[in-house]
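Comments concern the structure below.
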2 protein chains.
Amino acid sequence: MPRRVEGLHEALAADAWGRIWEFFLANRHRYASLAAAHGLNPGVMAALLSLDADEPKPMRWVAEACHCDASNATWLVDRLEERGLVERRTPPEDRRIKTVALTPAGSALVGAIRAEVLQPPDAIVALSDDELDVLRTVFAKLAPE
Amino acid sequence: MPRRVEGLHEALAADAWGRIWEFFLANRHRYASLAAAHGLNPGVMAALLSLDADEPKPMRWVAEACHCDASNATWLVDRLEERGLVERRTPPEDRRIKTVALTPAGSALVGAIRAEVLQPPDAIVALSDDELDVLRTVFAKLAPE
DNA sequence: TATTGTTATACTCTATAACTATA
DNA sequence: TATAGTTATAGAGTATAACAATA
């Protein structure tokens, strides 16, 4: 059986993926800029965006969401609490746990950041409906990974 | 003149862009993992990938490429030089400048990292040629921004 | 005097280990 | 004893400011 030559489809996939990576690399610093614009650092903003007003999350949730350890999660939430963006609570059913929930100020800031993020760049708006639909479908498939 | 209600196209653009962001956020830590797999930190890898074997770049180029200041660029290039991945040179025409170029070992590592990065995830390979072509076109348009 | 890069130093962010409180 | 979170501390990474060398 002859060795399989790389197919056209694989080459196309590699090319497309390469361009996505280039975009990713070129825009890596944007996340930090967005955070800085709101007086946050990237880690603190990640913690903020992982939280919710209605469903308080335990500290370990924050650590997982931020890919950091427990002591750093404490530090991140301290920063958010200092600014009145989140509130720690102790659920009576297990007093070892502390949960964290967004305050109204925190929700407002999350809303503002989300709105800012969702403002697509001109190059995206300039695309056709068909192209946008492909993007939406493709990235919906990629999301859970 | 009635206030313009947000059109369907804009909503579609925002939706697509939102999903791209989600993907971006969910994969932020992958860059750090890739660097760590090669014994680098994210900043040092960014410096490495900004360099070239044939076109030596001045230190200030590294600083700009890495969105950092000059003293940090010195530190990043020191780390690369320690590992024999880059080489500093002083061009005779202006002895204030130091240029940095990849060594053969540096080029090899950049090649390995690039090859690894270009390996598309299964979800990408599973897309149709048409979908891949849209991705390629769209991200080519987004790149220069 | 202006520019390029480095050194000395301090600050920010993150992790490791020891500790407290609760189960 | 095991688990959730915090505190004390050290380490990595980044920036500011002073400096040396060259133009």
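Side chains included, hydrogens not; waters and symmetry mates left out as well; all remaining heavy atoms used. Residue numbers begin at 1 in each chain, while the letters A, B, ... track the order of the sequences.
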Residues passing the side chain to side chain contact (heavy atoms under 4.5 Å, CB included) test with A:A11, sequence neighbours excluded, are A:E6
Using atom CG of B:L76 as one end and atom P of D:dG13 as the other, report the distance to the nearest whole Å.
9 Å
Distance check needed: D:dT14 C1' versus B:E64 CD, whole Å only.
18 Å
By salt bridge (Lys or Arg N to Asp or Glu O under 4.0 Å) - contacts of B:E81 (at least two apart):
B:R88
Under 3.5 Å: donor-acceptor pair, side chain of B:H67, backbone of A:R28:
no
Return the 5'-most residue of the pair A:N72, A:P92 with respect to DNA chain C, ranking by each residue's nearest nucleotide.
A:N72
What's the CG-P distance between A:N41 and D:dA12, to the nearest Å?
20 Å
Enumerate all atom pairs, one protein N or O and one N or O from nucleotides 4-11 of chain D, separated by less than 3.5 Å.
| unit_1 | atom_1 | unit_2 | atom_2 | d |
| --- | --- | --- | --- | --- |
| D:dG5 | OP1 | A:M59 | N | 2.9 |
| D:dG5 | OP1 | A:K98 | N | 3.3 |
| D:dG5 | OP1 | A:K98 | O | 2.9 |
| D:dG5 | OP2 | A:R60 | N | 3.1 |
| D:dT6 | OP1 | A:R88 | NE | 2.7 |
| D:dT6 | OP1 | A:R88 | NH2 | 3.2 |
| D:dT6 | OP2 | A:T74 | OG1 | 2.6 |

Could you tell me whether the side chain of A:H38 and the main chain of A:I113 form a donor-acceptor pair under 3.5 Å?
no
Identify, between B:G43 and B:P91, the residue whose nearest nucleotide on DNA chain D lies closer to the 5' end.
B:G43
Whole-Å gap separating C1' (C:dT3) and CZ (B:R95)
15 Å
Taking salt bridge (Lys or Arg N to Asp or Glu O under 4.0 Å) as the cut-off, I'd like each qualifying pair that reaches into residues 95-114 of chain B, sequence neighbours left out, listed once.
B:D94-B:R96
Lys/Arg cation over aromatic A:W75: A:R79, 6.0 Å, 45° cone
yes
Name every residue in residues 47-54 of chain B that has at least one heavy atom under 4.0 Å from any atom of DNA chain C, in order of residue number, or write none if there are no such residues.
none
Please state whether the rings of B:F139 and A:F23 are parallel, tilted or perpendicular, taking 30° and 60° as the class boundaries.
perpendicular
Tell me the side-chain hydrogen bond (donor to acceptor under 3.5 Å, both in side chains) pairs involving residues 40-58 of chain B, sequence neighbours left out?
none
